[in-house]
Amino acid sequence: MSRGRFATNEERVVADQQRGDEVASPALAALEGAGIAHRVTRHGRVRSLAEAAAVRGIEPRDLVKTMVVRVEADDHRFVLVPGDRVIAWNRLRTLLGVSRMTMADTADAAALTGYERGTITPFGSRTALPVIADERIAGRTISLGVGEHGAGVTVVADAVLDHLDATVADVTDPA
(Lines give C-alpha, C1' and ligand atoms only; values in the text may rest on other atoms or scores of the structure.)
Protein backbone atom coordinates (compact mmCIF):
# COMPACT_ATOMS: atom_id res chain seq x y z
CA MET A 1 0.00 0.00 0.00
CA SER A 2 1.46 3.32 -1.02
CA ARG A 3 1.72 6.04 1.58
CA GLY A 4 2.77 8.77 -0.82
CA ARG A 5 5.59 10.99 0.36
CA PHE A 6 5.29 9.91 4.01
CA ALA A 7 7.52 7.14 5.36
CA THR A 8 5.11 6.28 8.19
CA ASN A 9 1.49 6.76 9.14
CA GLU A 10 2.67 8.90 12.05
CA GLU A 11 4.26 11.36 9.60
CA ARG A 12 1.05 11.48 7.59
CA VAL A 13 -1.05 12.12 10.72
CA VAL A 14 1.26 14.94 11.79
CA ALA A 15 1.18 16.46 8.30
CA ASP A 16 -2.61 16.22 8.13
CA GLN A 17 -2.96 17.87 11.52
CA GLN A 18 -0.53 20.64 10.57
CA ARG A 19 -2.67 21.37 7.51
CA GLY A 20 -5.78 21.24 9.69
CA ASP A 21 -7.16 18.19 7.86
CA GLU A 22 -9.40 15.96 9.91
CA VAL A 23 -11.65 13.05 9.14
CA ALA A 24 -15.15 14.52 9.42
CA SER A 25 -17.39 12.11 11.26
CA PRO A 26 -19.89 12.05 14.11
CA ALA A 27 -17.44 9.72 15.90
CA LEU A 28 -14.75 12.38 16.07
CA ALA A 29 -17.23 15.00 17.17
CA ALA A 30 -18.39 12.65 19.95
CA LEU A 31 -14.80 11.94 21.04
CA GLU A 32 -14.04 15.66 21.09
CA GLY A 33 -17.23 16.37 23.02
CA ALA A 34 -16.37 13.68 25.57
CA GLY A 35 -12.90 15.12 26.04
CA ILE A 36 -11.28 11.78 25.22
CA ALA A 37 -7.71 12.17 23.98
CA HIS A 38 -7.31 10.50 20.62
CA ARG A 39 -5.11 10.32 17.55
CA VAL A 40 -6.57 9.91 14.07
CA THR A 41 -4.72 7.73 11.59
CA ARG A 42 -5.62 7.69 7.91
CA HIS A 43 -4.37 4.93 5.69
CA GLY A 44 -6.85 4.39 2.88
CA ARG A 45 -9.06 1.36 2.38
CA VAL A 46 -7.81 -2.01 3.53
CA ARG A 47 -8.99 -5.53 2.80
CA SER A 48 -8.71 -7.10 6.24
CA LEU A 49 -8.30 -6.44 9.93
CA ALA A 50 -4.71 -7.72 9.74
CA GLU A 51 -3.95 -5.24 6.97
CA ALA A 52 -5.57 -2.38 8.93
CA ALA A 53 -3.50 -3.27 12.00
CA ALA A 54 -0.30 -3.41 9.93
CA VAL A 55 -0.83 -0.01 8.31
CA ARG A 56 -1.71 1.48 11.72
CA GLY A 57 1.49 -0.02 13.14
CA ILE A 58 -0.26 -2.08 15.82
CA GLU A 59 -0.92 -5.71 16.64
CA PRO A 60 -4.29 -7.15 15.54
CA ARG A 61 -5.29 -7.58 19.21
CA ASP A 62 -5.07 -3.78 19.63
CA LEU A 63 -7.48 -3.08 16.78
CA VAL A 64 -10.87 -3.40 18.45
CA LYS A 65 -13.90 -4.41 16.41
CA THR A 66 -17.25 -2.88 17.34
CA MET A 67 -19.92 -5.49 16.73
CA VAL A 68 -23.69 -4.90 16.91
CA VAL A 69 -25.61 -7.82 18.39
CA ARG A 70 -29.36 -8.26 18.45
CA VAL A 71 -30.73 -9.56 21.74
CA GLU A 72 -34.43 -9.12 20.89
CA ALA A 73 -36.34 -7.40 18.09
CA ASP A 74 -35.63 -3.88 19.33
CA ASP A 75 -32.80 -4.60 21.77
CA HIS A 76 -29.23 -4.30 20.55
CA ARG A 77 -25.79 -3.97 22.13
CA PHE A 78 -22.34 -2.93 21.03
CA VAL A 79 -19.71 -5.57 21.79
CA LEU A 80 -16.06 -4.46 21.70
CA VAL A 81 -13.89 -7.37 20.56
CA PRO A 82 -10.08 -7.45 20.25
CA GLY A 83 -9.09 -8.03 16.62
CA ASP A 84 -7.55 -11.43 17.27
CA ARG A 85 -10.67 -12.76 19.00
CA VAL A 86 -14.32 -13.63 18.30
CA ILE A 87 -17.47 -13.37 20.38
CA ALA A 88 -17.97 -16.28 22.80
CA TRP A 89 -21.72 -16.52 22.27
CA ASN A 90 -22.40 -18.80 25.27
CA ARG A 91 -20.64 -16.44 27.70
CA LEU A 92 -22.30 -13.38 26.17
CA ARG A 93 -25.76 -14.97 26.42
CA THR A 94 -25.07 -15.94 30.03
CA LEU A 95 -23.90 -12.41 30.86
CA LEU A 96 -27.11 -10.94 29.42
CA GLY A 97 -29.37 -13.67 30.79
CA VAL A 98 -30.80 -14.59 27.40
CA SER A 99 -31.04 -17.88 25.54
CA ARG A 100 -30.70 -16.51 22.02
CA MET A 101 -28.99 -13.62 20.23
CA THR A 102 -27.57 -12.93 16.79
CA MET A 103 -25.40 -10.47 14.96
CA ALA A 104 -27.42 -7.57 13.62
CA ASP A 105 -27.61 -7.78 9.85
CA THR A 106 -25.72 -5.19 7.81
CA ALA A 107 -28.77 -3.03 7.09
CA ASP A 108 -29.95 -3.00 10.72
CA ALA A 109 -26.46 -2.18 12.01
CA ALA A 110 -26.19 0.71 9.54
CA ALA A 111 -29.65 2.01 10.42
CA LEU A 112 -28.90 1.86 14.15
CA THR A 113 -25.42 3.36 14.02
CA GLY A 114 -25.23 5.44 10.85
CA TYR A 115 -22.01 3.62 9.96
CA GLU A 116 -21.16 1.04 7.32
CA ARG A 117 -19.85 -2.38 8.24
CA GLY A 118 -16.13 -2.14 8.93
CA THR A 119 -16.40 1.43 10.25
CA ILE A 120 -18.79 0.96 13.19
CA THR A 121 -17.86 2.63 16.45
CA PRO A 122 -19.89 3.36 19.58
CA PHE A 123 -18.94 7.04 19.27
CA GLY A 124 -21.40 9.23 17.39
CA SER A 125 -23.80 6.36 16.75
CA ARG A 126 -27.32 7.36 15.70
CA THR A 127 -28.61 5.16 18.51
CA ALA A 128 -26.95 5.01 21.92
CA LEU A 129 -26.59 1.30 22.67
CA PRO A 130 -25.31 -0.33 25.85
CA VAL A 131 -21.68 -1.42 25.48
CA ILE A 132 -20.11 -4.71 26.48
CA ALA A 133 -16.33 -4.87 26.21
CA ASP A 134 -14.12 -7.91 26.40
CA GLU A 135 -11.95 -7.71 29.52
CA ARG A 136 -8.75 -7.99 27.45
CA ILE A 137 -9.27 -4.43 26.22
CA ALA A 138 -8.96 -2.81 29.66
CA GLY A 139 -5.66 -1.21 30.57
CA ARG A 140 -4.42 -0.87 26.98
CA THR A 141 -4.16 1.60 24.17
CA ILE A 142 -6.46 0.52 21.34
CA SER A 143 -7.53 1.55 17.86
CA LEU A 144 -11.22 1.84 16.98
CA GLY A 145 -13.14 2.62 13.84
CA VAL A 146 -13.91 6.26 13.30
CA GLY A 147 -17.02 5.90 11.15
CA GLU A 148 -15.23 6.03 7.79
CA HIS A 149 -13.27 3.53 5.73
CA GLY A 150 -9.53 4.01 5.71
CA ALA A 151 -9.21 5.70 9.09
CA GLY A 152 -9.02 4.81 12.74
CA VAL A 153 -8.65 6.47 16.09
CA THR A 154 -6.16 5.50 18.80
CA VAL A 155 -7.41 5.94 22.37
CA VAL A 156 -6.75 4.79 25.91
CA ALA A 157 -9.20 1.95 26.42
CA ASP A 158 -9.99 2.78 30.03
CA ALA A 159 -11.10 6.30 29.10
CA VAL A 160 -13.41 4.82 26.45
CA LEU A 161 -14.79 2.14 28.77
CA ASP A 162 -15.45 4.68 31.52
CA HIS A 163 -17.12 7.18 29.19
CA LEU A 164 -19.34 4.52 27.60
CA ASP A 165 -20.16 2.98 31.00
CA ALA A 166 -19.23 -0.35 29.43
CA THR A 167 -19.82 -3.69 31.06
CA VAL A 168 -16.41 -5.36 31.03
CA ALA A 169 -16.39 -9.16 31.01
CA ASP A 170 -14.79 -12.24 29.46
CA VAL A 171 -16.94 -12.48 26.30
CA THR A 172 -14.49 -13.62 23.61
CA ASP A 173 -12.52 -16.65 22.44
CA PRO A 174 -9.35 -16.80 20.35
CA ALA A 175 -10.08 -16.43 16.63
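Keep in mind the model is a prediction, meaning the values are calculated, not measured.
- Using a 4.5 Å heavy-atom threshold, the side chains of Leu92 and Met101 count as touching.
- Rounding to the nearest 0.5 Å places CG of Leu31 at 8.0 Å from CG of Leu144.
- Residues Arg93 and Ser99 share a closest heavy-atom pair of CD-O, 3.3 Å.
- Side-chain atoms of Asp134 never come within 3.5 Å of backbone atoms of Val81 as a donor-acceptor pair (strictly under, hydrogens ignored).
- Rounded to the nearest 0.5 angstrom, Phe78 CZ and Thr127 OG1 are separated by 7.5 Å.
- Under the ring-ring contact (aromatic ring centres under 6.0 Å, His included) criterion, the residue pairs touching residues 105-150 are Phe123-His163, with sequence neighbours excluded.
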Given the rule in the side-chain contact (heavy atoms from CB on, under 4.5 Å) test, do Asp108 and Val68 qualify, once you have shown the distances and angles that lead to the verdict? CA-CA 9 Å; Asp108 286 345; Val68 179; over 6 Å; no

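- Here the CZ-OG1 distance, from Arg39 to Thr154, works out to 4.0 Å after rounding to the nearest 0.5 Å.
- Annotation: side chain of Leu112 is in contact with side chain of His76 (closest heavy-atom distance under 4.5 Å).
- Using a 4.5 Å heavy-atom threshold, the side chains of Pro82 and Thr172 count as touching.
- When side chains are defined from C-beta on, His38 counts as touching Leu28, because their heavy atoms get closer than 4.5 Å.
- Between the OG1 atom in Thr66 and the CZ atom in Arg117 there is a gap of 13.5 Å [rounded to 0.5 Å].
- There is a path of hydrophobic side-chain contacts, each under 4.5 Å, that joins Val131 to Val168.
- Here Glu59 pairs with Arg61, Asp62 under the side-chain contact (heavy atoms from CB on, under 4.5 Å) rule; sequence neighbours left out.
- The shortest non-hydrogen separation linking Val146 to Ser25 is O-OG, 2.8 Å.
- Residues Ala37 and Val155 share a closest heavy-atom pair of O-CG1, 3.7 Å.
- For the pair Thr119 (side chain) and Glu116 (backbone), a donor-acceptor distance under 3.5 Å is present.
- Taking 4.5 Å as the limit, some side-chain heavy atom of Pro174 sits within range of a side-chain heavy atom of Arg85.
- No donor-acceptor distance shorter than 3.5 angstrom exists from the side chain of Lys65 to the backbone of Gly145, with no hydrogens or angles considered.
- Residues Arg77 and Leu129 fail the side-chain proximity criterion, which asks for heavy atoms closer than 4.5 Å.
- Rounded to the nearest 0.5 Å, atoms CD (Glu148) and OG1 (Thr121) are 12.0 Å apart.
- Annotation for Thr102 and Trp89: closest pair C-CH2, 4.0 Å, computed over non-hydrogen atoms.
- Connection of Val71 to Leu95 is established within a shared hydrophobic cluster, with ILVMFWY side chains joined at heavy-atom distances below 4.5 Å, either directly or through further cluster members.
- Counting heavy atoms from C-beta outward, Arg56 and Leu63 have side chains that approach closer than 4.5 Å.
- The minimum heavy-atom distance between Ala88 and Asp173, with the atom names listed, is CB-OD2, 3.4 Å.
- Here the options are Leu96, Val69, Leu80, the test is side-chain contact (heavy atoms from CB on, under 4.5 Å), and the partner is Ile132; only Leu96 passes.
- Under the 4.5 Å side-chain contact rule for hydrophobic residues, Val160 and Val40 share a cluster.
- By the rule that hydrophobic residues join a cluster once side-chain heavy atoms approach within less than 4.5 Å of another member, Ile120 and Val86 end up as members of separate clusters.
- The main-chain N or O of Arg47 is found under 3.5 Å from a side-chain atom of Glu51 such that the two form a donor-acceptor pair.
- Side-chain contact between Met67 and Ile87 is present, with at least one heavy-atom pair separated by less than 4.5 Å.
- A salt bridge links Asp170 with Arg91; the closest basic N to acidic carboxylate O contact falls under 4.0 Å.
- The CD1 atom of Ile36 sits 11.0 Å away from the CG atom of Asp158 when rounded to the nearest 0.5 Å.
- Of all heavy-atom pairs between Leu161 and Ala133, the closest is CD2-CB, 3.4 Å.
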